[in-house]
Student: 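Let me begin by handing over the structure; questions about it come next.
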Amino acid sequence: MKYLSKVMDETIRMRGNPFTMLREVVKDTELNGYFIPKGWKVFMFQATVHMDPEIYSNPEEFIPSRWDDFIPKSGTFQPFGAGSRACPGSDLGKLEISIFLHYFLLNYKFEQLNPRSPLVHLPSSDPIDNCRAKITKLR
Ligand code: HEM
C-alpha cells in the first residue's frame with residue numbers, strides 16, 4: 001500500500017483532474033511585478049507547479065520513488081487545490097483510486113494499443129488516442 005500511495009501521488013502530480021482553478025482577487029495585489037486589480041479573475045495552472053523542474057526533477061518522467069521520504073513544501077503539490085475551497089473529497093478520492101487499482105491490477109491485464117501515441121498537452125498531457133487499450137480478465 002505504501003508504494004501504491006506513491007503511484008497515486010505521482011499520477012495526480014502529472015495528470016491532475018482539473019487543469020486549472022479559478023479565484024477572484026479580493027483586493028488590489030502586486031505579485032512578482034504584476035499588478036492584479038481587485039475583482040479580476042485569476043487562473044492557477046497546477047501543471048506550472050507540478051511540472052516545475054526546480055521542484056520535481058525530470059518532471060516529465062513518471063517516478064513514484066520520488067515520493068520516498070519527500071514531503072512537498074506548502075503550495076508545491078496541489079492536486080486537490082488549496083485554501084478554504086480545497087477539495088473536501090481528497091481522502092475519499094484517494095481511497096476510491098486505491099480500491100479500484102487493487103482489484104484492477106489483481107484481476108485484469110492492461111495493454112495499451114499505441115504505446116508510442118503522441119501526446120496533447122492542453123488541457124493536460126494525454127495520449128492523442130485517449131489511451132486506447134485492450135483489457136483482459138485474468139481469471
Ligand atoms: C482524485 C480525485 C479528486 C481530485 C483530483 C479532486 C480535485 C479537486 C480540486 C482541484 C478542487 C478545487 C479546489 C480549489 O479550488 O482549491 C476540488 C473541489 C471540490 N471537490 Fe474534489 N477532487 C477529487 C475527488 C472528489 C470527491 C471524491 C469528492 C466528493 C465525494 C469531491 C468533492 C469536491 C467538492 C464538493 C469541491 C468544491 C469545494 C469548494 O468549492 O469549497 N472531490 N476537487
Side-chain angles (χ1 to χ4, degrees):
M1 274 315 242
K2 278 186 182 163
Y3 189 72
L4 186 64
S5 166
K6 293 172 194 173
V7 168
M8 275 193 294
D9 283 345
E10 185 65 345
T11 304
I12 54 182
R13 176 187 71 81
M14 295 185 74
R15 178 39 172 107
N17 197 5
F19 79 104
T20 182
M21 287 173 290
L22 183 64
R23 292 290 189 268
E24 183 174 322
V25 180
V26 293
K27 60 176 186 186
D28 288 352
T29 303
E30 186 92 28
L31 186 67
N32 292 340
Y34 293 95
F35 176 69
I36 311 173
K38 176 182 174 185
W40 276 34
K41 310 286 187 297
V42 293
F43 290 98
M44 205 290 278
F45 289 94
Q46 291 169 317
T48 57
V49 180
H50 292 173
M51 302 303 266
D52 182 343
E54 288 185 14
I55 303 170
Y56 301 98
S57 57
N58 302 317
E60 305 280 344
E61 284 180 40
F62 184 78
I63 310 173
S65 61
R66 73 168 80 244
W67 295 94
D68 294 348
D69 304 317
F70 170 61
I71 300 171
K73 284 191 194 139
S74 171
T76 60
F77 185 55
Q78 304 194 358
F80 296 102
S84 60
R85 305 313 294 260
C87 178
S90 59
D91 288 340
L92 177 62
K94 288 178 92 166
L95 186 64
E96 288 173 338
I97 296 170
S98 307
I99 294 169
F100 168 78
L101 280 179
H102 175 82
Y103 286 104
F104 185 75
L105 295 173
L106 281 179
N107 296 303
Y108 295 89
K109 182 177 173 193
F110 177 96
E111 291 166 278
Q112 196 175 352
L113 294 184
N114 306 306
R116 296 189 189 283
S117 169
L119 300 178
V120 284
H121 292 285
L122 272 176
S124 56
S125 298
D126 297 317
I128 216 162
D129 72 344
N130 284 325
C131 197
R132 293 190 64 214
K134 180 180 172 194
I135 297 173
T136 319
K137 195 158 183 6
L138 293 177
R139 48 196 137 105

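Note that the numbering runs from 1 along the sequence shown for the chain. Start at 1 and go down the list; that is how both ligands and their atoms are numbered.
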Student: With a 4.0 Å cut-off on N to O distance, would you call Asp9 and Arg66 a salt bridge?
Tutor: no
Student: Tell me if the CD1 atom of Ile71 is crowded by more than 12 foreign heavy atoms within 6.0 Å.
Tutor: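 Not buried by this count: 12 neighbours or fewer within 6.0 Å.
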Student: According to the interplanar angle, ranging from 0 to 90°, do the rings of Tyr108 and Phe104 count as parallel (below 30°), tilted (30 to 60°) or perpendicular (above 60°)?
Tutor: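 Judged by the thresholds at 30° and 60°, the geometry between Tyr108 and Phe104 is parallel.
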Student: Could you tell me how the ring of His50 sits relative to the ring of Tyr56: parallel (under 30°), tilted (30 to 60°) or perpendicular (over 60°)?
Tutor: perpendicular
Student: Does the side chain of Glu10 come within less than 4.5 Å of Met8's, by heavy atoms?
Tutor: no
Student: Can you produce the list of protein nitrogen or oxygen atoms under 3.5 Å from a nitrogen or oxygen of ligand 1, alongside each distance?
Tutor:
residue, atom, partner, partner atom, Å
ligand 1, 15 (O), Arg23, NH1, 2.9
ligand 1, 15 (O), Arg23, NH2, 3.2
ligand 1, 16 (O), Arg23, NH2, 2.6
ligand 1, 16 (O), Ala82, N, 3.1
ligand 1, 16 (O), Ala82, O, 3.4
ligand 1, 40 (O), Arg85, NE, 3.2
ligand 1, 40 (O), Arg85, NH2, 3.1
ligand 1, 41 (O), Arg85, NE, 2.7
ligand 1, 41 (O), Arg85, NH2, 3.3

Student: Closest approach of Pro64 and Lys6, non-hydrogen atoms and distance?
Tutor: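 Between these two residues, the closest heavy atoms are O-CB, 3.5 Å.
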